[in-house]
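In what follows, every chain begins at residue 1, and chains take the letters A, B, ... in the order their sequences are listed. Scope of the values below: all heavy atoms of this structure, side chains included, with no hydrogens, waters or symmetry mates.
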Number of protein chains: 2
Amino acid sequence: MKPKDFDLNEFLPYLLNQAAEVSGRAFQRVYKDRYGMLRTEWRVLCHLGQFGPMTAHDIVRAAQSHKTKVSRAVAALEHKRFVVRETLQRDRRYASLQLSPAGRRVYADLTAIAQAYDAKVMARLEPSAAAALKDALRQLAREPI
Amino acid sequence: MKPKDFDLNEFLPYLLNQAAEVSGRAFQRVYKDRYGMLRTEWRVLCHLGQFGPMTAHDIVRAAQSHKTKVSRAVAALEHKRFVVRETLQRDRRYASLQLSPAGRRVYADLTAIAQAYDAKVMARLEPSAAAALKDALRQLAREPI
DNA sequence: GCGTATTAGTTGAAAATGTAACTAACAAGG
DNA sequence: CCTTGTTAGTTACATTTTCAACTAATACGC
């Protein structure tokens, strides 16, 4: 009894990647065209807008993203004056990062669009499937395989 | 009545991306360590193994991938002697691509691992959630937003 | 046929990413 | 203090990806 043939369209990493690319493409244009931002920058900005001041290390942990990516994204956001950095006095290796007023405006603008965008993506699925999908994704993202 | 605050952990493109990265990372090491292949190469090889001879253009369409990525992946696979190219005589712009015997062996090897890997990833979810997840992902990947 | 438009695929330069080595600050043991 | 080790974050370099321009082959309109 030979093993069932491989089916690419049943291979979860492939499906995840395709869905992520398709669903991310259109929104990418938003932050890119409006603010010249990369995905890593959008992510950092989003974390700071959402969770308030935090260090680069915190973002690395929360976003499961590499520290060089975060470092460069922070530098770019600082250069755009969307983020302010303040070295912590109790441990000068750390810097507390937070959004500037301009950064908060960008955050408000982009998240409003993001919410509408999310609704549009979700509209392609049955409501029950949509909720289950997000649960499953969070489960998968929780820890490495 | 103000709109609900944005929640990154409800934003589908972000969740998809996180899950895709986490679930792809470990398998990436497999084809990289064993055959020095990139993800684009694995994808092309996979399409050829699965669907038989096809042109680069076919792969671009099936994988929703950029033509330069495919072009370079094909060149690399040809260089590794995993893929053979044959210009079509009825339209010499096209080349039919197919796996060499060595390429088929690689395909067999990697897909066997991929199947086991997929099972492992899926094992983290309820069986019913798992099937629904794949359905939803296929739905999302079908067409651009 | 012949000029123009399309299409498949490649190539080169620029941008982004990953990897590894590095600096600076702190911690701990003596 | 002073060595050794660890951690936050940056930088340099190699690899990969993207973008735009290109070549070569075919299709189309006349």
Heavy-atom side-chain contact between A:E21 and B:L16 under 4.5 Å | no
Over how many whole Å does the gap from B:D58 atom CG to C:dA8 atom C1' extend?
-> 11 Å
Could you pull out all residues at least two apart from B:Y14 that satisfy ring-ring contact (aromatic ring centres under 6.0 Å, His included)?
-> none
Rounded to the nearest Å, what distance is computed from the CD1 atom of residue B:I59 to the P atom of nucleotide C:dT10?
-> 11 Å
Assert: residue with more 5' nearest nucleotide on DNA chain C, out of A:K69 and B:V74, is B:V74
Under 3.5 Å, side-chain donor or acceptor atoms of residues 50-63 of chain A against the rest of the protein: list the pairs with distances, not counting sequence neighbours.
| from | atom 1 | to | atom 2 | distance (Å) |
| --- | --- | --- | --- | --- |
| A:Q50 | OE1 | B:L8 | N | 2.8 |
| A:Q50 | NE2 | A:Y107 | OH | 3.3 |
| A:Q50 | NE2 | B:F6 | O | 2.8 |
| A:T55 | OG1 | A:H57 | N | 3.3 |
| A:T55 | OG1 | A:D58 | N | 3.1 |
| A:T55 | OG1 | A:D58 | OD2 | 3.3 |
| A:D58 | OD1 | A:R61 | NH2 | 3.1 |
| A:D58 | OD2 | A:T55 | N | 3.0 |

Please tabulate, for the side chains in residues 127-141 of chain A, all donor-acceptor contacts under 3.5 angstrom to protein atoms that are two or more places apart in sequence or on a different chain.
| from | atom 1 | to | atom 2 | distance (Å) |
| --- | --- | --- | --- | --- |
| A:K134 | NZ | A:D118 | OD2 | 2.9 |
| A:K134 | NZ | B:E10 | O | 2.4 |
| A:D135 | OD1 | A:R138 | NH2 | 3.1 |
| A:R138 | NH1 | B:N9 | O | 2.4 |
| A:R138 | NH1 | B:E10 | OE2 | 3.2 |
| A:Q139 | NE2 | B:R124 | O | 3.4 |

Return the set of residues passing side-chain contact (heavy atoms from CB on, under 4.5 Å) with B:R90 (not counting sequence neighbours), or none when no residue passes.
-> B:L88
Which protein N or O atoms sit under 3.5 Å from an N or O of nucleotides 21-23 of chain D?
none

Counterpart residues, salt bridge (Lys or Arg N to Asp or Glu O under 4.0 Å), relative to A:R34 (two or more places apart) = A:D109
Got a donor-acceptor contact below 3.5 angstrom from the A:S100 side chain to the A:G103 backbone?
-> yes
Between A:E21 (CD) and D:dT17 (P), how many Å, whole number?
-> 11 Å
Quiz: residues 69-78 of chain B side-chain donor-acceptor pairs under 3.5 angstrom, not counting sequence neighbours:
| from | atom 1 | to | atom 2 | distance (Å) |
| --- | --- | --- | --- | --- |
| B:E78 | OE1 | B:R85 | NE | 3.2 |
| B:E78 | OE1 | B:R85 | NH2 | 2.6 |
| B:E78 | OE2 | B:R85 | NE | 3.3 |

Measure the distance from CZ on A:R61 to C1' on D:dG9 and round it to the nearest whole Å.
-> 15 Å
Can you find a pair of side-chain heavy atoms, one from A:Q64 and one from B:Q18, that are under 4.5 Å apart?
-> yes
For A:R29 and D:dC19, give me the distance from atom CZ to atom P, rounded to whole Å.
-> 11 Å
Within residues 78-93 of chain B: residues closer than 4.0 Å to DNA chain C (heavy atoms) | B:R85, B:R93
Kindly state which residues belonging to residues 45-56 of chain B come within less than 4.0 angstrom of DNA chain C, counting heavy atoms of the residue only, listed by number.
-> B:T55, B:A56
Do B:L38 and B:L99 share a hydrophobic cluster (ILVMFWY, side-chain heavy atoms under 4.5 Å, transitive)?
-> no
At under 4.0 Å between heavy atoms, what does B:A95 touch on the DNA or RNA strands: base, sugar-phosphate, or nothing?
-> sugar-phosphate
What N/O pairs connect the protein and nucleotides 13-16 of chain C at under 3.5 Å? Give each pair on its own line.
none

4.5 Å side-chain heavy-atom contact, A:V83 and A:L48 = yes
Under the ring-ring contact (aromatic ring centres under 6.0 Å, His included) rule, collect the residues that match up with B:F27, sequence neighbours excluded.
-> A:F11, B:Y31, B:W42, B:Y117
Once you round it to whole Å, what is the distance between C1' of D:dT15 and CZ of B:R39?
-> 14 Å
Closest nucleotide of DNA chain C for A:H66 versus for B:S71: which of these residues is on the 5' side?
-> B:S71
Sequence neighbours excluded - ring-ring contact (aromatic ring centres under 6.0 Å, His included) pairs with any residue from residues 118-145 of chain B | none
